[in-house]
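Reminder, nothing fancy here: chain letters follow the sequence lines and each chain counts from 1.
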Amino acid sequence: MQNLNIKIGGQAGQGLVSIGTILLRAATQEGWYLFAHQDYESRIRGGHNFFQIRLADRPVASWENDIDVLVALDEATITRELEEVKPGGVVIYDPDVLGPDAQKLAEQSNSIGLPFARMAEELGQPKIMGNAVAAGAVWALLSEDLTELHETLALMFSDKGPAIVQGNQQVASAGFARVRELLGERPRPGKPANPGPRLVLRGNDALPLGALAAGVKFMSAYPMTPSTGVTEFISEHGRRAKVIMEQAEDEIAAINMAIGASYTGVRAMTATSGGGFALMTEALSLAGSAEIPIVVVNAMRPGPSTGLPTRTEQGDLRYAVAMSFGDFPRAVLAPGDVEEAFYLMAHAFNLAEEYQMPVVVLSDQHLADSYTTVPPFDLSRVEIKRGKVVSGEEAGPDYLRYRFTADGISPRLYPGFGQGLVVAAGDEHDEHGHLIEDAETRQKMMEKRMAKQKLVEENALEPVLCGAEDAELMLIGFGSTKGAIAEAVEMLNSRGIRAQGVHLPQVFPLPQGLEVLLQKPARKFIVEGNYTGQLEELIASRFAWKPDGSIRRYDGRPMNAKYIVDRLPGGVCHG
Amino acid sequence: MQNLNIKIGGQAGQGLVSIGTILLRAATQEGWYLFAHQDYESRIRGGHNFFQIRLADRPVASWENDIDVLVALDEATITRELEEVKPGGVVIYDPDVLGPDAQKLAEQSNSIGLPFARMAEELGQPKIMGNAVAAGAVWALLSEDLTELHETLALMFSDKGPAIVQGNQQVASAGFARVRELLGERPRPGKPANPGPRLVLRGNDALPLGALAAGVKFMSAYPMTPSTGVTEFISEHGRRAKVIMEQAEDEIAAINMAIGASYTGVRAMTATSGGGFALMTEALSLAGSAEIPIVVVNAMRPGPSTGLPTRTEQGDLRYAVAMSFGDFPRAVLAPGDVEEAFYLMAHAFNLAEEYQMPVVVLSDQHLADSYTTVPPFDLSRVEIKRGKVVSGEEAGPDYLRYRFTADGISPRLYPGFGQGLVVAAGDEHDEHGHLIEDAETRQKMMEKRMAKQKLVEENALEPVLCGAEDAELMLIGFGSTKGAIAEAVEMLNSRGIRAQGVHLPQVFPLPQGLEVLLQKPARKFIVEGNYTGQLEELIASRFAWKPDGSIRRYDGRPMNAKYIVDRLPGGVCHG
Amino acid sequence: MANSGFVVCKETAWCPGCGNFGIVRALAKALDGLGLQPNEVLYVSGIGQAGKLPHYISGNVLNTLHGRTLPTATGAKLANGDLTVIAVGGDGDGYAEGGNHFLHAIRRNVNITYIVHDNQVFGLTKGQASPRSDRGMVTGTTPLGVYNEPFNPLATAITLNASFVARSYAGDQEHLARTIQAAIQHEGFALIDVLQPCVTFNKINTYQYFRERVYDLDQEEGYDRTDRQAAWARSWEWGDRIPIGIFYQIQRPTLDQHYADILIKPLVRQELDKSVVEEILDEFRIG
Amino acid sequence: MANSGFVVCKETAWCPGCGNFGIVRALAKALDGLGLQPNEVLYVSGIGQAGKLPHYISGNVLNTLHGRTLPTATGAKLANGDLTVIAVGGDGDGYAEGGNHFLHAIRRNVNITYIVHDNQVFGLTKGQASPRSDRGMVTGTTPLGVYNEPFNPLATAITLNASFVARSYAGDQEHLARTIQAAIQHEGFALIDVLQPCVTFNKINTYQYFRERVYDLDQEEGYDRTDRQAAWARSWEWGDRIPIGIFYQIQRPTLDQHYADILIKPLVRQELDKSVVEEILDEFRIG
Ligand SMILES: Cc1ncc(C[n+]2csc(CCOP(=O)(O)OP(=O)(O)O)c2C)c(N)n1
Ligand SMILES: Cc1ncc(C[n+]2csc(CCOP(=O)(O)OP(=O)(O)O)c2C)c(N)n1
Ligand code: SF4
Ligand code: SF4
Ligand SMILES: [Mg+2]
Ligand SMILES: [Mg+2]
């Protein structure tokens, strides 16, 4: 595999996301596969952020530590990130923003000083086009010519008019030319043979796209990082796709609005994070009791409390599984990458409607904000299963919302669609939906609801495997560690250790298939992004089982293959 | 043991709680031990409720099915409860409220018709004194004379003036005389030799008493059955005990007010149930992150959602343990009876302050509303440990709220008590309490907080055992099943089965001592009041262990010894 | 309950004599009078004695959580505008636990009717103070008497520019039925705060108390219900005379009008158009 | 930060030019002017750009959750009335997530000062609409433009009979410092809604916008700040002229006065009197 890692560092508001976005689109256009992740602070201007892109000649699913090209928009990028640059790597910095010490430091490496904003201004363009200068400069290390970069700029700025497009192209060319001039020809990363059309998306794009593909009609949400991207995506495309996205006054209103909409018969969702997720617990429990489908995206960030709002963690797993006073059926899905995010999101709506229950989709900041190249999504793979729904005639006037059935699923009637009345309640109720006090009905109604949980479990998504079947070592994880685990497994296999990766796209209820895997003779490690080992605990509670070891991270940063492999016990790694 | 079970049935608002309360106080006065539980609907008038008292000559901890005396204030009591009356048991009913069919039914047993209200009126007293007539009637089956009953009435109505006291005494005597006349002398339940002074309390009295003994200074709450009794108790005694109890606009405000108060250095608490508990999750997480002590009483009722508001269940255990996005230290206590409720509540405040964390006390409707005779509480056993607190001088101006220490506990300074400034935050922070973004500080701060969790675990309350040490059968439970399990164990031992009961007053973190018990050769059953086996799951996740069987109840009603023993596998019970 | 006429249940969990009976009867009368069918009506309620109302009258029911009446009703109305949505709850539900939603539902001007059973007390939890309790009222949580400034829902709603703000009285079913009809016919958010005696827990604001005080603003010569400032001023009258009637009514755009582009028909009757999703996906396609 | 004078931090997480700088400076000036020491002051804040303020000025800090500023501040003040408690947060924090607490904190009239950084937008989450956003404002969540009726915090507070209701402007530090001093000196709940330009996300309500419009009500001849109806009416002025100053101020009992029996000294300075607990226990003793 050929790889190239570009890291763009600077302050919030300096344009590093623009530079990154230009580059990742142009690079995809040019044919590379890529993975790009973002690291930013909970502030709007200043601080120290970075945007890191890994290009490769085949699909990649995670990030690497060693940097080939560092773009420094500020001094901190030099002082903090320089040590990550590989021997022979290139540093492109803006000399206008570096103090003398940092400049000296930068100059020790293979470095180029380009005054991005000044160059733009000297070319008669606004300062802000310094971003395109930087993009052009990096592009010189990637490509022979400017075609794809110019095309990307044209596409990205098309709504700003031709002058802006041309300005950007002009300054990008200048940046390109300067680097070419200073560094001459350098080896370029290999490209895949037949790349074909692809999408380049973040988790926060794929999740709402999955929802749209599944026919979501109503969303309500209250902004909270890192889930806000999902909300804004649905807002942006709502008019065209005929979806209402109503900003709520708080998360409690958000989920209750969605429940109200869902009750009438539309697919409805909300998205949130951390504290907002906690505030939704009571309503989730209402959805469980009243058997109203609802999909909740929870994009995890490090807790407890406000924690680190813009960082990543997998610390809400225990909570997502446990979030109710009292028992009711549910499912918790945990997509591991952008492609899975799309299809699982659609699946979540099917589960919610087939079992008339809440479904939680666990994302996290790392999945939400990281771009990956993926094959175009296949809408024909998105089957829409709306569960047991009866028409007005079928239902008749004697319709019972909570009719006792063999599988615990009572056919839904949409209110107003027939003579039957649809009575739903969160209080304990009888088949009609009216309130009860007696022990017998209570017990039957609990058993009816929990019968559905059994079905959900029987149909749980099986683990996704990679690596060696006859493994001596197994890495088990869920959610956004999928790519890191896959690459760790590859790394281990390449070192002669037969390793297998087990990714759990469904964490609750856990699939039966996992038990079989746990019985394999391999040494098993659980890899997860939290302090207490929440996945480990979940598996232990279900299968009365303990792993041979665990690899955890809880400093707010994502894992990658190196992080995992470095933490395997010595005997394993060098054995 | 000698036992007598009295059940008073009727509609809400008919006075069955008054009758029950008169009787339980008079009976305690007379020397008996008792256990009394209540069953009522989520309404204010009407429906069918009962109040059941078990008298005995030694302490009792649970209820029995077979009724010796049934008092029927309405028809439903006859149609629904008559079958529970033992052969030879007595039925006292009000003929004025029974239809002819029910009256016929009632007459089939050893029954007495007494028109309670009419009798009161005929004696020139208001209708409402019918309650005292009924109490007097029952008293005739318990005692030779009216002394203790009259004294009780005098005490209970003293604030209403002598006329009311005398009226009640007069009509009670009339009820007493009628029964004596109709039934003649009957065997009376035996009494303990030297009863001595005792208290007769509900869980909802013992918990706030424990809080007062622990020096709680501030409470805020929003009413929710079955926790409201705790709130109203503190309200009632607040002025005298110098405790503020502020009714909040919602549960979110309630816990946040308490956190605000606690931050300044007072012991603070809240109480809630079900949905209200869920709404407190985010703030609990704040208390975890900002290291602010707080005690939350959650009185469980059957969920999910509004569920059965006035019934009992143990379905919030999983939630109490898991209630946070992200990890932070905490403890969850689960008192099993009135006495334990008092001492554990006081202990909860010590834990909260010693480890600067939230502590949840799980009660439930059965514990909350059931009266038990207990020995007077011993305040000298209530030690107050306020944890590491520094004075203004000790702290100095360089005080750091989150100073890194070996055990993870940073000494508290109360704001305004010295030159040092007290900076607390729910966002991730440094030793000062100021916000941070870097991975290193985050990791250290997580480790600091979680170090406390380890201490909490090491000092966890050990299981409370009863029955045979060399048991062949073990019953494990938590919370309000304690009495039922103890009596089941007794029943089994009396049948020649060596049984042991294991009650867990602390459910999180579980004590090490439990593991030792789990290794004993006995067949082990987990007894709990929920559908999914939340305690079982908790033990499984901690010790990778599964029981031999489980006994559960989830119809909203409390367990007792018979319920448990009946559900043990045949081989066990008759083996 | 069948779909012909609005039947009121005989079996309820309410206390005999409770003001809630007047409300449910007036509601049935109002709905019958408007010629609606039960399956066209959706009651959304929270938790409390008031919140049980939907179970006692024919229609579709969504009985949710304490305090969450309004967002749930808003979602339902946005998803199926064909339904006549009636939100109903207690004063605790609406003004304590649900206070935030009260503010923001009004700002949205969603086209629903909101009936608040205002008994000035928490009924179901046995008589604690509500935001509407009179000063000095002694309850289980306020042994020193209620201290807080009583919440004035009418003044607050007018301040938030609610498009229909009324008060009625459970003891006057005619007036209440008429007010409910006007509220349902109003395009936009309509609040009716209904004075509702709680015979068990509120010994201050009784039938007699109200009988002696209420007068009908609708009959008041010269009262201009489009004059916001006058309406606000009038809403403070609470003493020997207590006005009932429509305090304030204006026309302003409703939330569904804001979403007119999307709501070409009710959401629940719109099929998924996969081609639009393809179109959006195509915008992300590269190469 | 040490305990002598109120130092304002140089390092902040705010954007250069943000209105928040004016607020923190005015606050320091006000506190210095009142002769307070940092350890006597407690700032309670929620989450948002505004909520970070306490970290940038000397004093005690309780930085809580988004929207929960007011109940936390209320609890702190009740437990230690010796502290000067200043609640501070954004308009999203206070009027969206925290709307319910806004209503009820005012009703309680707890003796704290509440400073709202009103930038009419959610700053920290990158510019979505807040309840204060002008109609038509296009944001990430309102691509069709803001539709809801803007929330008027002053009119609402006056309706709730808040005892001190003011508006100030971050661009006028003198006025703001003066208003803060008056608020702190006021006995009871004091609201200051501060017009605060967000230079990054709010391109409508800018420094220039306000500079052209604000005028000082405190200088207005004949304005009677105890006249509630007039104050309410004035609070609607938002156009070519935008008033700043104290709109409404009255004396009414405060929450700690209600608890005077208990608060013979601050709760935090009261020792537990075990004999009272014995006394209560004794009442339950039988035999
Ligand atoms: C989240 C939550 N908090 C508290 C409760 C308990 N609760 C049920 S009804 C009620 C108040 C009832 O008062 P109101 O809304 O005025 O209705 P009313 O019974 O007076 O008609 C409360 C506090 C609850 N069910 N859920
Ligand atoms: C419960 C919860 N919901 C949402 C958020 C995300 N959040 C943080 S700040 C904020 C809004 C900020 O707006 P405002 O309060 O006006 O403060 P500003 O940043 O504009 O000063 C939101 C929605 C959160 N932290 N917690
Ligand atoms: S408690 Fe009050 S409001 Fe509730 S039903 Fe009884 S009288 Fe009506
Ligand atoms: S985003 Fe706006 S409010 Fe926040 S710091 Fe920047 S300018 Fe100020
Ligand atoms: Mg009420
Ligand atoms: Mg703001």
> Considering only heavy atoms, which portion of A/Met245 lies under 4.5 Å from any heavy atom of chain C: side chain, backbone, both, or neither?
Replying inline: backbone

>> Strictly less than 4.5 Å between heavy atoms, which residues of residues 77-94 of chain C line up against chain A? Please order them by number.
In response: C/Leu78, C/Ala79, C/Asn80, C/Leu83

> Is it the backbone or the side chain of C/Asp261 that comes under 4.5 Å from a heavy atom of chain A, or both, or neither?
Replying inline: both

>> Is A/Ala290 in contact with chain C via its backbone, its side chain, both, or neither, using a 4.5 Å heavy-atom distance?
In response: neither

> Is it the backbone or the side chain of A/Ile384 that comes under 4.5 Å from a heavy atom of chain C, or both, or neither?
Replying inline: side chain

> Looking at side-chain heavy atoms only, is the closest gap between C/Val277 and A/Phe377 below 4.5 Å?
Replying inline: no

> Would C/His101 and A/Asp250 count as a side-chain contact (heavy atoms from CB on, under 4.5 Å) if you check the C-alpha gap in whole Å, the side-chain angles of each, and the deciding distance to 0.1 Å?
Replying inline: CA-CA 9 Å; C/His101 312 309; A/Asp250 58 26; 3.5 Å; yes

> Which bit of C/Val61 comes within less than 4.5 Å of chain A, counting heavy atoms only: side chain, backbone, both or neither?
Replying inline: both

> Between A/Gly196, A/Ala213, A/Ser262, which residue shows the highest count of heavy-atom pairs closer than 4.5 Å to chain C?
Replying inline: A/Ala213

>> Heavy-atom pairs under 4.5 Å with chain C - which of A/Pro197, A/Ala248, A/Ala254 has more of them than the others?
In response: A/Pro197

>> Quick check for you: among A/Leu209, A/Ile259, A/Thr264, A/Leu212, which has the greatest number of heavy-atom pairs under 4.5 Å with chain C?
In response: A/Thr264

> Does any heavy atom of chain C fall under 4.5 Å from the side chain of A/Ala241, the backbone, both, or neither of them?
Replying inline: both

> By number, which residues in residues 106-117 of chain C have some heavy atom less than 4.5 Å away from chain A?
Replying inline: C/Arg108

> Side chain, backbone, both or neither: which part of A/Gln247 has an atom under 4.5 Å from a heavy atom of chain C?
Replying inline: backbone

>> Please identify which of these residues, C/Thr72, C/Asn60, C/Val44, meets the side-chain contact (heavy atoms from CB on, under 4.5 Å) condition with A/Tyr263.
In response: C/Asn60

> Using non-hydrogen atoms only, which part of A/Val216 is less than 4.5 Å away from chain C: side chain, backbone, both, or neither?
Replying inline: neither

>> Counting C-beta onward and ignoring hydrogens, is there a side-chain heavy-atom pair between C/Ile280 and A/Arg240 closer than 4.5 Å?
In response: yes

> Any side-chain heavy-atom pair from A/Glu249 and C/Leu103 closer than 4.5 angstrom?
Replying inline: no

>> Taking side chain as everything from C-beta outward and backbone as N, CA, C, O, which of these in A/Phe233 sits under 4.5 Å from a heavy atom of chain C? Side chain, backbone, both or neither.
In response: side chain

> Can you find a heavy atom in the side chain of C/Leu281 that is under 4.5 Å from one in the side chain of A/Pro376?
Replying inline: no

> Tell me, do A/Leu435 and C/Asn63 make a side-chain contact under 4.5 Å, heavy atoms counted?
Replying inline: yes

> Side-chain contact, heavy-atom cut-off 4.5 Å: C/Glu283 with A/His237?
Replying inline: yes

> Given a strict heavy-atom distance threshold of 4.5 Å, which part of A/Thr28 is in contact with chain C: side chain, backbone, both, or neither?
Replying inline: both

> Using non-hydrogen atoms only, which part of C/Ile47 is less than 4.5 Å away from chain A: side chain, backbone, both, or neither?
Replying inline: side chain

> Which bit of A/Ile292 is near chain C, if near means a heavy-atom gap under 4.5 Å: side chain, backbone, both or neither?
Replying inline: side chain

> Does any heavy atom of chain C fall under 4.5 Å from the side chain of A/Pro415, the backbone, both, or neither of them?
Replying inline: both

>> With heavy-atom distances below 4.5 Å as the criterion, would you say the side chains of A/Arg267 and C/Leu272 are in contact?
In response: no

> If we only count heavy atoms from C-beta on, is the C/Lys52 to A/Asp427 side-chain gap below 4.5 Å?
Replying inline: no

>> Please classify the contact of A/Arg401 with chain C as side chain, backbone, both or neither, using a heavy-atom distance under 4.5 Å.
In response: neither

> Just by distance, do the side chain of C/Asn39 and the backbone of A/Gly418 share a donor-acceptor pair under 3.5 Å?
Replying inline: yes

